[in-house]
Novice: 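A single structure is presented below for examination.
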Amino acid sequence: MDYPTTSSLLSWMIFTPMIGVGMILLVLGLRPFLRLSQAFADNFSRTVGLLCSALVMAMALAMWSGFKGGSSAIQFAHHAVWIRQWAVEYFVGVDGISISMVILTGLVFLAGAIASVPWWGRLDDAHHPHFSKKRVPGYWILFLLLETGVLGTFSSLDFFLFYIFWEVMLLPMYFLIGIWGAPPRVEAGGRVRGGPYAAIKFFLYTLAGSVLMLLAMIAIYQHSGPSTLVDGTRTLHTFNILHLTKMFAAGSFSVAPAVFGLTFMHAVFIALFIGFSIKVPMFPFHTWLPDAHVDAPTPISVILAGILLKTGMYGMLRFNLQMLNGAMEWAAWTIGVLGVINIVYGAFVCMAQKDLKKLIAYSSVSHMGFCLLGLAALTPQGVTGCVFQMFSHGIISPMLFLIAGVIYDRAHTREIAGFGGLAERLPEYTGMVGLAFMASLGLPGLAGFIGEVLVFMGGFGATNHAFRGLVAVGALSVIITAGYYLWTMQRMFLGMLNDKWAGLWDMNWRERITLYPLAALTILFGVYPAPIFNLVNTTLHALLPVVGGAVIR
Amino acid sequence: MSIGLGHYLVVSGLLFSLGLYVLITRKNAVAMLMGVELVLNAALLNMVAFSRLGRVGPDKLDGQVFALFGIVLAAAEAVVALALVLQLYRAFRSVDTTETTDLKG
Amino acid sequence: MHLVPFPLLALIPLFPLLGAAYCGLVGCGLFKKYGEGAIHWPAILLPWGSFVVTLIAVITLAGAGHGAVLHQRLWDWFRIGSLSVDAAFQIDRLSAVMCLVVTFVGSLIHVYSRGYMKGDASYWRFFSNLNLFMFSMLVLVLGDNLLVMFVGWEGVGLCSYLLIGFWYRERKNAAAGMKAFVVNRVGDYGFTLGVFLLFWGLAAAPASLLRGQGGEPVAAAAVHEVAVGHGEVATSPGEHGAPIGEAAGEHGAAVSHGTEGSEAGRTPVSSVTFRDIERIMEDPARRDAVLNQKVLGFGLITLVCLLFFVGATGKSAQLPLYVWLPDAMAGPTPVSALIHAATMVTAGVYMVARLHFLFAYSPVAMTVVATVGALTALFAATIGLFQYDIKKVLAYSTVSQLGFMFVAVGVGAYWVGIFHLVTHAFFKACLFLGSGSVILGCHHEQDMRKMGGLRKLMPITAVTYFVSACAIAGFPFFSGFFSKDEILWKAFDSGNMLLPGGGIILWVLAATAALCTSFYMFRSYYMTFSGTYRGAQGHGTHDAHDAHGGHGHGLPKESPRSMTWVLAILGGLAVVGGYIGLPILWGLPNAFETWLEPIFEGSHHLIHSAERGHGAEWGLMLFSVVIAFSGFFLARWLYKDAKSPIPGRLLASRNGLVQGFHRVVFNKYYVDEAYQASFVNGTVGLSGLLSWFDRTVIDGIVNLAGTAGRFCSGIQGWIDANIVDGAVNLVASLSMRAGRSLRKVQTGRIQNYVLGLTAGAVVLVVIGFLLKW
Amino acid sequence: MNGSIVQVVLFYLLAALALTGACLVAFSRSIVHSAFALLGTFVGVAGLYALLAADLVAIVQVMVYVGGVLILILFAVMLTARVDEGKESNPTVGKIPGLLAMLAMAGLLVVTAVKAFGPRTVISEANPPSTVSPIGNLLLSKYVLPFEAISVLLLAVLLGAVTIASGRMRKGAGGKQEGEAPR
């Protein structure tokens, strides 16, 4: 159960972006002395950013190839004592839950990095200065910092370390949305919206979640039993997630005080769940998402939807399912109901959206609901479906946001009703949109389907047969989803071409090199999802409650 | 009847009090210096008395060593103080400490 | 049932997929560079390749014995818990029939499309989508389990969407495509729920049944069973390789005939694979465990079948989900022929037949299937009576004929349903293609009132159309006669309906529909081909076909040879296709029933006949001939050469009843309007409401919290500025004042200081004493 | 208790000498008298040291205080006091508070001493050994560091005293910015 350091690859991966940050800072610092031009600094930081993202991706692939799938053990562990007095360790490692997310992180950040450069395509527009030309080195520093935060979050096995990385994710995002997002604008009704508003909303919302998490973390630490650090030091309490999991499983916390009439375990479960559900985002904590997405620059939307939402789900898997396993069944029904509300509510709200990006944002709300439902089902199909849905949504939603970025870069509007007949002018783009929409609405043979069908299948098999009703309601979303995507398709791409858009041009190479690989992965994992299952199944299924004698899962 | 530690301490306490009185009442800087010497002597007497009659045992001489150091310090202090007094006298043509109050707040 | 590995099987869907990829990915550029030849040669030849492979498969199958199933396993799709789904194909006698129809008719239609789509700017896109459709349809047909079937099921829906909206510049077409997809999705909702319910229903057997013979622990046994369930596949060394694992390697050789021996230890816990489900249903103990389950008051199997049937109504355009099919005529005519007549819409029938071993156990579901089929047949036929658009007539006719097929499978005559499916594929494809030929000839005019007299102008089209109309009307010795008559007889003779004598009601409904069918088919024939040409002899009306060289002006003329050949072949099959299934009544060999017999023998004992005698059968046969001819003569009397004044007089009638009836039927009973008003507007309205709720209430709460926070911080700011800061300033000024007064203490006199020091020391010591005492 | 009566008598004599000297220092009106009275105190204390068998300290007391400090003080008195001013050469202020403070402090100390150590008696040896060599050992072993430090201090004091006494006050450093101090 104690994992000594076996490899430093993971640490290298986590901190590779920080090396990039260092290089950018170095060049910024040396600029006045070496008389480097602004353009040089910009291009240098872009190159460094791209390289670091590519390097992380390469390391993620290396880890994938080195990962032993049939084991629920921690692999690539890097374990050292950090703050001895508080029993804090630097403990990173991946198991089945995190490896797929780490790989996805590499992929999504690489796509985001490519989408962040102004190269390989036309971006010149004096009337609408593009975000990628604005304060470039700062953008890349924050971008890389964000990547470190996300990677750390997914691989930390020390609660304290996890919390640190969790917070590291938060701040760069705030600035990326606030500074490089849409400028403030006054909407109807005198409300001020735009990047800064969205950023502060995002920040406060997620910070509120973090506070709950922090409280839970401290409470758990205070009531945890004695443990040993990796170097053998005995400590009174521990932050080590694996040790805490074992303590919870052994009932060490049953003596801890009750909170508001709930047992300690249930209380921290609720606190952590709410903390994570804000990030997911779960109804009714989801309203930061549309604002943040609409006003963030394209690559940041890509990262936000592709990865940041997954951190919430990952937290639920790691803490609520794994660590607080004993309380999971108690909460399953509530989580399932919330998941279904997410699914159906999100889908309905999508249909009413007029802004393409907002529509996609709400569709994320809907699709993350599948993850919640799958988690709540507590069946092998359900939890695997949950993780696969995270993964497939992590591929599909970046595609969708990149697509929204493509049209916004050209037309400077995302008003769905303002378009029409674009298929004639932009055939390649239309094909790509069609593929992405179909993937998102769960067409069999594409990645989105696998997650959905597994979640539903798992939900149907839940011990509590009321879940079947939930699934029946949730599955209604397949109709609504088809409705809103096809309606969007029809309004934007079909019909007669609006003359206003006769000057638009089809996809450029930068967009191609981001979209085509994602599209290929969408198809690949739709027809052959086994690689992901091999990664996650063993770890996940070990966490499921054993129902008396029933093997039929 | 014998002479114990208490006796020495009483003597030393009285010496100390008298030195204090000198310090409080005298205006002359040199006289005050005498008071200081009285106080110091009281303290040193204490040390030697404790060294000899205290609980540490008679063969412990640390108190006496302290007393020696104290005497040396007192001498040094006296030297410096008198030098200062001389300087004070040069500056103010007086050693009356009630008059040399330029630094008062 | 035994599995025979057949490594060529994947080629059948793979060929069209290659074609689709070729046309879709590089087709655009090649089309611009090399013209249409670069597109249509691969796109046509590859489906023919599928046909050839299918023929090889059928021959192999015929030689492989009674219950053989050709099988090819490609890879694991999911393997999670007890859910184990392979990407695998199988071809048994049922899917062989479907596969032949799909590849043969489909390939013919590809050939036809070459002429029909000539000159279209998106030629490559058309063939790409058509090939993709072929691929999806073949996956649907060949899928070895419900989920692979579902891939095809949705795939054909997607292709249908793409092809209906092929001429997307007209919003009407795009909307029709969207409607098709969304309505199909409603059906898919039912289908998927059916899959889930079935899977867990099968799994819910008592643990004792699932336990292996060796008394192994249950969990281990389950794994073991799952592995063995697939073990039989591994009997072909070298093809499937290792993924099945060691267990399969050990036990695979032992299990070659799944239906034999004790089943309890061998069938998997649950499965979505057809043959596994069938085997579970054949094991009495497991079957009882499944049948005894109740869900919401229904039997589990009944609910499962009804859910599957919801899927079938969506895909096969039955009540109440038929609405998309008439609109789907917005697509190019070859598409209508292939997708919306011959193949895709029959998928529901195929699915019910494929799952006969479930449906047969649920009389309720069977009754529902047959009743919905009969009602749809009549309902759609009546709408067809008054349509003027030639393709709309055919569309409603298709809906109606699909209803017939569902009657057949609903009464348990599965092979008859499939038989009608096959003959229908021939004659309806021929009719549609004929109508396409007419439409092309008439410069994309579809209104029959503007046609007429085409028999002389387009003789081949006219003849084939007439022959096919005879077939669909059920003229003796045409293909439709055999299949439709068999359906009517089976319905009449059914003893399976919940309601006693229900079969007769079905028969009445279906016979009425047959009368209508005969009438409207010949009505369309006479309106189109007899008399004189009434259309404008000028320009085409279809924007997308302006480039259609040579057809723009003048009288209609016969279509190019690639199209007429196809018509001729299909027309010929419409005549002779029925001879594969001659009535047993006549004492002739029924090859078709014999061929399919192994498939349906498992559920045969559940289908009951009312045991009405041969006399009744002869009588009914005669009666249906009479029906066919009366429809024909009525139509001939009313519409031949447009001479009869009666139709016009009826239309002009001021009689409220006649007018009202006509208006309601002509407007398709206002079903579309009702759906629009209820479901569509309801959904959009609800979405608007929820969006408002989201923005105003939920986000409002958030913003309110923000505003409240700002208000509180405002108050706190005031407090801070005036009270907290005031306190700080007070402390500062206090200390200033204190300093000012206290500095007087600082006299500069050492004596005073020493005095103070002493006093302080004394006081401290005294306090210490006091405290101590 | 051997030889106790001599010790008791000697103690009281020496204590009286010291205290009388101290009283004279405190209450004499003439600073010269005070200075000479200080001599008595020093000698008395030295005697008490001797009585406590602290021979080296007693000798040092006599040498340093009597031979050094007292002489210095007398020099200072003579350098500064205007002897010609007669009896009131040693003015006092605030006698009442001083007296009160003195009495309070004396009372406290005496009471404390008596309460804490009054009844305690100590065996004193008849011929206590000389403390010179043990102290020498101590100074050069255990206390070598303070010993060296204090020698440095002495050097510093030597230099400092010379500097201070001989140096001229720097301009403006005498606190005469306001010209208040008498010259």
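So that the names make sense, note that chain A is the first sequence line, chain B the second, and so on, each numbered from 1.
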Novice: Need one label for Pro427(A): side chain, backbone, both or neither, based on atoms under 4.5 Å from any heavy atom in chain C.
Specialist: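 Neither part.
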
Novice: Which heavy-atom pair separates Arg171(C) from Gly495(A) by the least distance, and what is that distance?
Specialist: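 Arg171(C) and Gly495(A) have their closest heavy atoms at CG-CA, 3.8 Å.
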
Novice: Heavy-atom distances under 4.5 Å only: say whether Trp75(C) touches chain A with side chain, backbone, both or neither.
Specialist: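 Just the side chain, heavy atoms under 4.5 Å.
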
Novice: What part of Val702(C) is in contact with chain A, defined as an atom under 4.5 angstrom from a non-hydrogen atom: side chain, backbone, both or neither?
Specialist: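 Side chain only.
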
Novice: Where on Tyr528(A) is there a heavy atom nearer than 4.5 Å to chain C: the side chain, the backbone, both, or neither?
Specialist: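 Interface part for Tyr528(A): both.
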
Novice: Let me know if Phe285(A) has heavy atoms under 4.5 Å from chain C in its side chain, its backbone, both or neither.
Specialist: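 Neither; nothing under 4.5 Å.
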
Novice: For a side chain to side chain contact (heavy atoms under 4.5 Å, CB included) with Ser691(C), tell me which candidate from Gln353(A), Lys354(A), Lys358(A) qualifies.
Specialist: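 The residue from Gln353(A), Lys354(A), Lys358(A) that satisfies side chain to side chain contact (heavy atoms under 4.5 Å, CB included) with Ser691(C) turns out to be Gln353(A).
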
Novice: So what's closer than 4.5 Å to chain C heavy atoms on His286(A): side chain, backbone, both or neither?
Specialist: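 It is the side chain, since no backbone atom gets that close.
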
Novice: What's the shortest heavy-atom distance between Ser82(C) and Gln381(A), and which atoms?
Specialist: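 Of all heavy-atom pairs spanning Ser82(C) and Gln381(A), the closest is N-NE2, 3.8 Å.
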
Novice: With a 4.5 angstrom heavy-atom cut-off, is it the side chain or the backbone of Ala87(C) that approaches chain A, or both, or neither?
Specialist: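 Neither the backbone nor the side chain of Ala87(C) comes within 4.5 Å of chain A.
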
Novice: Hey, which of Thr384(A), Val453(A), Ile479(A) has the most heavy atom pairs under 4.5 Å with chain C?
Specialist: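 Highest number of heavy-atom pairs under 4.5 Å: Ile479(A).
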
Novice: Check whether any side-chain heavy atom of Glu428(A) lies under 4.5 Å from a side-chain heavy atom of Cys28(C), and answer yes or no.
Specialist: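 In short, these two side chains do not touch, never coming nearer than 4.5 Å.
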
Novice: Where does Ile701(C) contact chain A at under 4.5 Å (heavy atoms): side chain, backbone, both or neither?
Specialist: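 Neither part; nothing is under 4.5 Å.
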
Novice: Heavy atoms only: give me the nearest Tyr189(C)-Leu476(A) pair and the separation to one decimal.
Specialist: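 Looks like CE1-N, 3.4 Å.
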
Novice: Go through Ile480(A), Thr481(A), Leu204(A), Asp291(A) and name the one with the most non-hydrogen pairs under 4.5 angstrom from chain C.
Specialist: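 If we count pairs closer than 4.5 Å to chain C, Asp291(A) comes out on top.
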
Novice: Let me know if Leu446(A) has heavy atoms under 4.5 Å from chain C in its side chain, its backbone, both or neither.
Specialist: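 Neither part, no heavy atoms under 4.5 Å.
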
Novice: When only pairs under 4.5 Å are counted, which of Asn534(A), Leu441(A), Ile200(A) shares the most heavy-atom pairs with chain C?
Specialist: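 Greatest number of close heavy-atom pairs with chain C: Leu441(A).
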
Novice: Given heavy-atom pairs under 4.5 angstrom as the criterion, report whether the side chain, backbone, both or neither of Phe449(A) touches chain C.
Specialist: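 When you check distances to chain C, only side chain atoms of Phe449(A) fall under 4.5 Å.
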
Novice: Quick check: closest heavy atoms across Tyr345(A) and Leu690(C), and the distance to 0.1 Å?
Specialist: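 Minimum heavy-atom contact is OH-O, 3.7 Å.
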
Novice: With chain C as the partner, which of Val349(A), Ile450(A), Leu486(A) has the greatest number of non-hydrogen pairs under 4.5 Å?
Specialist: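 Ranked by contacts with chain C, first place is Leu486(A).
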
Novice: Which of the residues Met489(A), Lys201(A), His541(A) is involved in the greatest number of heavy-atom pairs with chain C at under 4.5 angstrom?
Specialist: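 Among the listed options, the one with the most contacts to chain C is Lys201(A).
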
Novice: Determine, step by step, whether Phe456(A) and Thr192(C) satisfy the side chain to side chain contact (heavy atoms under 4.5 Å, CB included) criterion, reporting the C-alpha distance in whole Å, the side-chain angles of both residues, the deciding distance to 0.1 Å, and the verdict.
Specialist: CA-CA 9 Å; Phe456(A) 288 150; Thr192(C) 43; over 6 Å; no

Novice: Select, from Gly688(C), Ala175(C), Gly165(C), Gly155(C), the one with the greatest count of heavy-atom pairs under 4.5 Å involving chain A.
Specialist: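 Among Gly688(C), Ala175(C), Gly165(C), Gly155(C), the one with the most close pairs to chain A is Ala175(C).
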
Novice: Can you measure from CZ (Phe78(C)) to CG (Asn537(A)) and round to the nearest 0.5 angstrom?
Specialist: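 One gets 12.0 Å once the value is rounded to the nearest 0.5 Å.
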
Novice: Would you say Val478(A) and Asp188(C) make side-chain contact, with heavy atoms under 4.5 Å?
Specialist: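 Answer no - side chains too far apart.
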
Novice: Any chance you could measure Phe460(A), atom CZ, to Leu193(C), atom CG, to the nearest 0.5 Å?
Specialist: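 Rounded to the nearest 0.5 Å, the CZ-CG separation comes to 5.0 Å.
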
Novice: List the steps and the verdict of side chain to side chain contact (heavy atoms under 4.5 Å, CB included) for Met438(A) and Tyr161(C).
Specialist: CA-CA 12 Å; Met438(A) 288 299 157; Tyr161(C) 164 75; 4.1 Å; yes

Novice: Report which part of Tyr205(A) has an atom under 4.5 Å of a heavy atom belonging to chain C: side chain, backbone, both, or neither.
Specialist: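 Contact with chain C: side chain only.
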
Novice: Can you tell me which portion of Tyr485(A) sits under 4.5 Å from chain C's heavy atoms? Options are side chain, backbone, both or neither.
Specialist: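 No part of Tyr485(A) comes within 4.5 Å of chain C.
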
Novice: Select one option (side chain, backbone, both, neither) describing which atoms of Val272(C) are under 4.5 Å from chain A's heavy atoms.
Specialist: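 Side chain only.
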
Novice: Identify which part of Glu424(A) has an atom lying under 4.5 Å from any heavy atom of chain C, answering side chain, backbone, both or neither.
Specialist: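 For Glu424(A), the contact with chain C is made by backbone and side chain together.
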
Novice: Would you give the length of the straight line joining atom OG1 of Thr287(A) to atom CG of Asn703(C), rounded to the nearest 0.5 angstrom?
Specialist: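 Thr287(A) atom OG1 to Asn703(C) atom CG measures 7.5 Å (nearest 0.5 Å).
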
Novice: Under a 4.5 Å heavy-atom cut-off, does chain C meet the side chain of Trp487(A), its backbone, both or neither?
Specialist: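 Looking at Trp487(A), backbone and side chain both touch chain C.
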
Novice: Hey, could you give me the CG/CE distance between Leu494(A) and Met178(C), rounded to the nearest 0.5 Å?
Specialist: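 Leu494(A) atom CG to Met178(C) atom CE measures 10.0 Å (nearest 0.5 Å).
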
Novice: Find the distance between CD1 (Ile80(C)) and CG (Leu454(A)) and round it off to the nearest 0.5 Å.
Specialist: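 Going from the CD1 atom of Ile80(C) to the CG atom of Leu454(A) covers 4.5 Å.
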
Novice: I'd like to know which of Phe196(C), Trp692(C), Phe693(C) tops the heavy-atom pair count under 4.5 Å against chain A.
Specialist: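 Looking at each option in turn, the highest pair count goes to Phe196(C).
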
Novice: Under 4.5 Å heavy-atom distance to chain A, tell me which part of Arg125(C) shows up: side chain, backbone, both or neither.
Specialist: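 Neither part, no heavy atoms under 4.5 Å.
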
Novice: As an exercise, state the distance from CE of Met457(A) to CH2 of Trp200(C), rounded to the nearest 0.5 Å.
Specialist: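 Between atom CE of Met457(A) and atom CH2 of Trp200(C) there are 7.0 Å.
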
Novice: What heavy-atom pair brings Ala482(A) and Arg185(C) nearest, and what distance separates the two atoms?
Specialist: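 Shortest heavy-atom separation between Ala482(A) and Arg185(C) comes out as CB-CD, 3.5 Å.
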
Novice: Compare every heavy atom of Ile698(C) with every heavy atom of Pro284(A), then report the nearest pair and how far apart it is.
Specialist: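 Closest pair (atom of Pro284(A), atom of Ile698(C), distance): O-CG2, 3.7 Å.
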
Novice: Pick one of side chain, backbone, both or neither for Leu497(A), based on which atoms fall under 4.5 Å of a heavy atom in chain C.
Specialist: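 The answer is neither part of Leu497(A).
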
